[in-house]
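Ligands are counted one by one from 1 in listed order, and the atoms in each one are counted from 1 as well.
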Amino acid sequence: MRTKLIAGNWKMHGSLAGNLALLQSVAAGAATLPTLSFTVLIPFPYLPQAQALLANSACSWGAQDVSEAASGAYTGEVSAAMLREFGCQYVIVGHSERRQRHGESDARVAAKALAAIEGGLTPIVCVGETLAEREAGQTLAVVGRQLDAVIQGLGVQRLPHAVLAYEPIWAIGTGRSASAQQAQEVHAALRQRVSQSDLVVAAGIQILYGGSVKPSNALELMGLPDIDGALVGGASLNADDFLDIGRAAARA
Ligand code: 13P
């Protein structure tokens with residue numbers, strides 16, 4: 001049985017004052033849902049605040065990007081070792097907003113995932129198709145290509161140290177999530193693709209769904225056989241909504 005992970009991607013939101021109540025409420029709520037794992041993926045400057053507030057709580061914390069390099073002349077980048085110094089457990093890599101806005105290639109995403117694992121972090125590796133790709137019937141080919149790069153870059157033996165997240169780009173921030181059938185089809189295909197390399201790894205790997213997850217659709221999505229949690233954007237900025245998604249996942 002795979003533990004479900006409820007991950008909040010704050011994106012570029014937050015303030016020291018506003019984070020306080022949010023983090024405290026999430027930590028308190030997470031403690032009431034011991035069958036789940038909770039994490040918040042927050043902007044870099046707030047990592048010390050999360051470390052102070054969430055240490056020894058039921059909610060871990062992490063970042064939204066990591067450099068593939070260990071150190072050096074990489075202005076603006078942050079290494080896995082730096083994130084570990086602030087107690088990060090997880091880091092998102094390959095979010096579509098970074099693939100699209102920063103031109104991150106499949107190979108670069110795989111390199112970041114490798115750097116994260118070697119630095120002691122668990123990468124949450126995002127894959128997902130655009131609306132045009134879905135409408136052209138290319139969904140499974142696109143996410144398959146993105147996943148293959150990660151399997152190749154990490155080697156299947158490191159894959160258990162990663163989490164996968166399926167985030168259809170057309171469902172992100174649009175209020176329109178994938179249907180249960182659409183999500184399950186892709187999740188099952190991803191797991192099937194991993195199973196071509198290793199059956200045991202495929203059975204154990206967590207595959208999160210992301211894209212307009214909210215309390216009203218969480219029960220159905222989290223009840224699907226190949227969905228092992230949620231990567232939540234907008235709804236993770238509201239403690240009640242985020243925790244309600246967790247409650248739905250615990251019931252599903
Ligand atoms: P929304 O939940 O706001 O659609 O964002 C999803 C996402 O991109 C999480 O990484």
Ligand 1 atoms in contact with [X] (distance to a heavy atom under 4.0 Å):
X	answer
Ser212	1 (P), 2 (O), 4 (O)
Gly211	4 (O), 6 (C)
Gly173	1 (P), 3 (O), 4 (O)

So is there a nitrogen or oxygen of [X] less than 3.5 Å from a nitrogen or oxygen in ligand 1?
X	answer
Gly233	yes
Asn9	yes
Gly234	yes

- Message: Looking only at side-chain N and O atoms, does Gln49 offer a donor or acceptor that is under 3.5 Å from a partner on Asn19?
- Response: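 Checked: Asn19/Gln49 side chains pair up, N/O donor to acceptor below 3.5 Å.
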- If you measure from the Lys or Arg side-chain nitrogens to the Asp or Glu carboxylate oxygens, is any gap between Arg247 and Asp244 under 4.0 Å?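 A salt bridge is present here (some side-chain N lies under 4.0 Å from a carboxylate O).
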- Query: Heavy atom of Lys11 under 4.0 Å from ligand 1?
  - Reply: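 Checking ligand 1 against Lys11, which is what was asked, there is a heavy-atom contact under 4.0 Å.
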- Ala171, portion touching ligand 1 at heavy-atom distance under 4.0 Å: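 For Ala171, the contact with ligand 1 is made by the backbone alone.
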- Are the side chain of Arg158 and the backbone N or O of Gly153 linked by a donor-acceptor pair below 3.5 Å?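 Side chain of Arg158 to backbone of Gly153: no pair is present.
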- Is there a donor-acceptor contact under 3.5 Å from the side chain of Thr39 to the main chain of Ser60?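 Between the backbone of Ser60 and the side chain of Thr39 there is a qualifying donor-acceptor contact (under 3.5 Å).
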- Item | Interatomic distance, Glu167 atom CD to Leu231 atom CG [nearest 0.5 angstrom] |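 Here the interatomic distance stands at 4.0 Å.
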